[in-house]
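The chain is numbered in sequence order, starting from 1.
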Amino acid sequence: MLRLNQLGHRSGVEVTEVGLGLWAVPGSEWGPSDTQAVLDAIEAAHDRGVTFFDTADIYGDGFSEELLGMAMKGRRERFVVATKIGWRDFDADLGRTRYDTVEKLTADVEASLRRLGTDYVDLLQCHVPFVEPNTDVVIEGFRRLRDQGTIRAWGVSTGDLPVLQRFNADGDCDALQVDYSILNRTAESEILPYCLGHGIGVVARGPLAMGLLTGKLSTSAMFPEDDFRGAWIEDQGQNAQFRQDLKIVDLLRHEVPDQEPMASFAIRFAASHPAVTSVIPGARNRDQAVANSEAGLLPPLSDSERRAVDRIVPPGGGRKIWPA
């Protein structure tokens with residue numbers, strides 16, 4: 001059975017140690033995707049004990065929320081739902097969201113609820129990873145929604161400590177979502193210790209580093225035209241980083257236990273940090289969802305396994321792969 005962890009010290013929300021991230025849906029930046037395959041992935045994960053599912057209003061322009069709503073229909077109580085708002089209504093020219101009033105923020109949350117087919121979400125997160133002019137309004141809106149019971153907990157998705165500190169200025173931020181993997185251990189330096197010290201739950205996204213830590217990519221990889229990862233190959237600077245990442249992956253192969261997929265090892269690594277509450281790898285189909293879920297049945301990395309990783313990517317090392 002998958003382990004359950006409480007999301008922070010205050011929320012009362014319990015999440016499975018391994019969840020499912022729902023960014024890679026039709027209409028997103030991950031290239032071609034199949035609606036039924038995503039629904040099958042949700043079902044397969046749920047069948048294996050996953051109850052925590054993370055989405056956002058911008059994933060597939062809202063279609064990710066709609067798909068999760070379809071999967072939950074008639075059994076909402078069996079799912080712990082996290083979604084994010086902010087990018088969908090972000091004005092790049094002004095450098096801010098349009099949330100200059102709580103009412104505008106609430107309207108977007110209500111739109112998410114309609115797509116999800118529910119009257120509440122378990123975790124609502126600010127998707128904008130920096131402090132922007134309307135941050136105070138966002139925090140006030142989240143507090144009102146929690147007091148009304150529309151959300152059970154709230155937090156922010158960011159990799160920058162000052163942003164998290166701003167959201168937690170009054171000590172009531174429940175959760176942080178942060179990119180964390182073997183290839184990106186930067187959160188270990190400051191942000192994860194801060195969460196431990198302040199009772200903030202951590203949702204670790206990107207444990208597979210956008211597919212790099214599956215061990216299935218190579219220098220000859222080809223990505224569909226509408227898959228953002230194509231930039232890893234097309235751009236000269238990105239290509240050099242891509243090749244460096246693959247060299248690290250090759251070194252890691254020798255440290256993965258026999259018969260264990262590298263993806264499973266990478267998920268166990270992220271889940272084994274004491275600050276991490278849940279890890280949310282993505283899955284585009286049933287087989288990926290099953291494999292990711294099964295990683296949650298295995299024990300955390302042993303001390304010797306973690307030391308082996310430390311020799312390849314030192315604690316706090318690596319690079320930020322995705323900001324929000």
Side-chain angles (χ1 to χ4, degrees), residues 4-16 18-23 25 28 38-39 42 45-46 50-90 97 99 102-129 137-158 167-168 172-178 200-205 277-280 282 324:
L4 285 174
N5 297 322
Q6 181 165 299
L7 187 67
H9 289 179
R10 295 168 294 273
S11 72
V13 176
E14 283 193 331
V15 296
T16 44
V18 174
L20 178 62
L22 293 171
W23 181 8
V25 300
S28 67
V38 176
L39 288 171
I42 295 172
H46 191 264
V50 172
T51 59
F52 185 47
F53 296 83
D54 178 83
T55 181
D57 63 358
I58 200 172
Y59 294 168
D61 195 25
F63 191 50
S64 177
E65 290 179 325
E66 291 180 16
L67 284 177
L68 182 54
M70 293 178 200
M72 294 192 299
K73 191 171 183 179
R75 50 179 183 170
R76 169 67 180 88
E77 72 283 355
R78 301 182 189 177
F79 290 74
V80 179
V81 177
T83 194
K84 300 179 287 292
I85 63 169
W87 279 133
R88 188 182 175 96
D89 286 301
F90 190 81
T97 61
Y99 303 143
V102 170
E103 288 71 26
K104 289 181 180 179
L105 179 144
T106 300
D108 272 8
V109 174
E110 290 173 347
S112 286
L113 293 176
R114 287 192 294 272
R115 288 189 290 270
L116 288 162
T118 184
D119 58 1
Y120 74 98
V121 293
D122 300 280
L123 173 63
L124 180 63
Q125 303 149 99
C126 178
H127 210 176
V128 180
V137 175
V138 172
I139 294 172
E140 177 60 27
F142 284 2
R143 287 171 176 160
R144 289 192 197 178
L145 290 168
R146 181 184 58 194
D147 291 344
Q148 295 167 5
T150 304
I151 65 175
R152 297 177 62 198
W154 62 269
V156 60
S157 179
T158 185
F167 273 82
N168 194 47
D172 59 342
C173 179
D174 296 301
L176 166 75
Q177 185 168 146
V178 66
I200 296 172
V202 174
V203 178
R205 55 180 165 76
T277 312
S278 183
V279 179
I280 51 168

Are [X] and [Y] packed together at the side-chain level, in the sense that at least one heavy-atom pair is separated by less than 4.5 angstrom?
X: Q177; Y: D54; value: yes
X: L123; Y: K84; value: no
X: L4; Y: T16; value: yes
X: T55; Y: L67; value: no
X: I42; Y: L22; value: yes
X: T83; Y: L124; value: yes
X: R152; Y: L7; value: no
X: L68; Y: V81; value: yes

Task: Side chains of E65 and S112, donor plus acceptor under 3.5 Å - done: yes
Task: Electrostatic pair D108:R88 at N-O distance under 4.0 angstrom - done: no
TODO: May I ask you to say whether D61 pairs ionically with R115, meaning some side-chain N is under 4.0 Å from a carboxylate O?
DONE: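 The answer is no: the pair does not qualify as a salt bridge.
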Shortest non-hydrogen contact between [X] and [Y], atoms and distance:
X: L20; Y: A45; result: CD2-CB, 4.2 Å
X: F142; Y: I85; result: CE1-CD1, 4.0 Å
X: W154; Y: R146; result: NE1-NH1, 3.0 Å
X: Y120; Y: D122; result: CE1-OD1, 3.5 Å
X: R10; Y: C173; result: NH2-O, 2.6 Å

Task: Expected output: side-chain R76 to main-chain F79 donor-acceptor under 3.5 Å - done: yes
- [ ] Can you label the angle between the W23 ring and the Y59 ring as parallel, tilted or perpendicular, going by 30° and 60°?
- [x]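 The arrangement is parallel - the two ring planes meet at less than 30°.
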